[in-house]
Amino acid sequence: MATQLITKLPAILDPTKIPQHVAAIMDGNGRWAKKQGLPRIAGHQQGAQTVKSLLRCCKDWGIANFTVFAFSTENWGRPAVEVNFLMQLFTGLLASELVQMHAEGVRIRFLGDRSQVPIFLQTMMDKAIITTASNQAVTFNIAINYGSRSEIVNACRSIAQKVQANQLEPYQIDESLFTQYLDTCGLPDPDLLIRTSGEQRLSNFLLWQLAYTELYITNTYWPDFSNDEFMQAIAVYQQRDRRFGKV
Ligand code: FPP
C-alpha cells in the first residue's frame with residue numbers, strides 16, 4: 001500500500017493528510033440521464049461506472065474506506081420498474097466485478113436492512129462478503145435499504161435488550177459502546193462526505209457517523225463526477241482546518 005501511495009498519488013495531494021474514510025451521496029443520476037435524453041436507468045448505469053472508477057482511486061491513493069449510499073429506505077417509493085432495475089444492477093455489478101475486486105484486495109461490506117431486499121441480491125451480498133472478508137487494500141461499504149434513523153433505533157433496541165437480560169448496565173452505555181451497535185461497527189467515521197448534484201442535505205445518511213465530517217458539495221451530477229473532481233475534493237478537504245470543536 002505504501003509503495004502504491006507514493007507512485008500513484010496525484011502530485012497535488014498531501015500524502016500525510018489522506019482521508020481514511022470517504023462517503024458519498026451519489027445524486028443526480030436521473031437528471032444526468034434526462035439531460036442526455038436517456039431513460040433514468042441509463043443514469044444509474046453510468047453512475048455505477050463512477051463508483052468503479054472512484055473505488056480504484058481510493059485504493060491507489062491510500063483511502064482505506066469508501067462508502068456509497070446506493071439505495072435508501074425511502075427509495076422504495078420510486079416506480080417499481082426503477083426499483084427492480086436498481087436491484088438487478090447491484091446484483092449484476094457484484095457478480096461481474098467480484099473476481100476483479102477480490103484480486104485487488106477490496107473488502108466488501110453492506111450497511112442497511114438486508115431483510116427487505118430481494119433474495120437474489122441477498123445471496124450475492126453474502127457471496128461478496130464471504131469472498132472478500134480478509135482483504136485489506138480498501139473497504140467498500142455499500143448502503144442498500146439504509147436509513148440512519150432506523151439504524152440508530154435498531155442499535156437502541158439491541159442495547160435495551162442487553163440491559164433487560166442483565167448483560168449490560170446502563171452506566172456502561174457510552175458513545176464508544178453505541179457505535180458497536182451501528183452497521184458501521186469497526187469503521188472509522190467518515191472524514192469527508194461528497195454529495196453531488198447540488199443538494200445540500202444529509203438525507204438520513206450516517207447521521208451519527210457524520211458528526212465531525214467535512215462536507216464537499218458539488219453541482220456535478222454523479223455520472224459526471226470524475227477522478228479529477230475526486231482529486232479536487234480531497235485537495236479541498238486537505239485545506240480544511242479540522243478543530244473537532246476545539247480552538
Ligand atoms: C440517486 O440519483 C441515485 C440512486 C438512488 C442510485 C445510485 C446507484 C448507483 C450509482 C449504482 C451504484 C452501484 C453499486 C453497486 C454501488 P437520483 O436517481 O436520485 O437522481 P435524480 O435526483 O437526478 O433523480
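Quick note: numbers below take in every heavy atom, side chains included, and nothing from hydrogens, waters or symmetry partners. Both counts, for ligands and for their atoms, begin at 1 and track the order of listing.
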Problem set entry | Rounded distance (nearest 0.5 Å) linking atom CD1 of Ile159 with atom CG of Asn154 | 11.0 Å
For this session: Just need the protein heavy atom nearest to atom 22 (O) of ligand 1, so name the residue and atom and give the distance.
Result: Arg31 NH2, 2.9 Å
Exercise. Measuring from the heavy atoms of Glu199, does anything fall under 4.0 Å of ligand 1?
Worked result: no
For this session: Only counting residues at least two apart or in another chain, list the ones meeting ring-ring contact (aromatic ring centres under 6.0 Å, His included) with Phe230.
Result: Trp61
Exercise. Can you list the atoms of ligand 1 that are under 4.0 Å from a heavy atom of Gly47?
Worked result: 10 (C)
Problem set entry | N or O pair under 3.5 Å between Trp32 and ligand 1 | no
For this session: Classify the side-chain pair His21/Asp189 by whether it contains a donor and acceptor separated by less than 3.5 Å.
Result: no
Exercise. Under 3.5 Å, is there a donor-acceptor pair between the side chain of Gln172 and the main chain of Glu169?
Worked result: yes
Problem set entry | Closest approach of any protein heavy atom to atom 10 (C) of ligand 1, naming residue and atom | Asn29 ND2, 3.4 Å
Exercise. Does Ala70 come within less than 4.0 Å of ligand 1, judged by its heavy atoms?
Worked result: yes
For this session: Record the part of Lys34 in heavy-atom contact with ligand 1 below 4.0 Å; permitted values are side chain, backbone, both and neither.
Result: neither
For this session: Starting from atom 3 (C) of ligand 1, locate the nearest protein heavy atom and write down its residue, its atom name and how far away it is, to 0.1 Å.
Result: Met26 O, 3.1 Å
Exercise. Which of the atoms in ligand 1, numbered in the order shown and given with their element, are less than 4.0 Å from a heavy-atom of Arg40?
Worked result: 17 (P), 18 (O), 24 (O)
Problem set entry | Part of Asn75 with heavy atoms under 4.0 Å of ligand 1, whether side chain, backbone, both or neither | side chain
Exercise. Can you find an N/O atom of Trp222 closer than 3.5 Å to an N/O atom of ligand 1?
Worked result: no
For this session: Give a yes or no on whether the backbone of Gly112 and the side-chain of Asp183 come within a donor-acceptor separation of less than 3.5 Å.
Result: yes
Seminar exercise, completed: Counting heavy atoms under 4.0 Å, the part of Arg78 that contacts ligand 1 is side chain
Seminar exercise, completed: Residues passing the ring-ring contact (aromatic ring centres under 6.0 Å, His included) test with Phe225, sequence neighbours excluded, are Trp222
Exercise. Do Tyr146 and Phe69 make the cut of ring centroids closer than 6.0 angstrom?
Worked result: yes
For this session: Just need the protein heavy atom nearest to atom 12 (C) of ligand 1, so name the residue and atom and give the distance.
Result: Val51 CG2, 3.9 Å
Exercise. So, the side chain of Thr196 versus the backbone of Met26: is there a donor-acceptor pair under 3.5 Å, distance only?
Worked result: no
Problem set entry | Pair Asp113, Ser115: side-chain N/O donor-acceptor within cut-off below 3.5 Å | yes
Exercise. Which option, Val83, Leu86, Leu93, Thr50, owns the non-hydrogen atom nearest atom 13 (C) of ligand 1?
Worked result: Leu93
Exercise. Ion pair present between Glu199 and Arg31, side-chain N to carboxylate O less than 4.0 angstrom?
Worked result: yes
Problem set entry | For atom 4 (C) of ligand 1, closest protein heavy-atom neighbour | His44 CE1, 3.8 Å
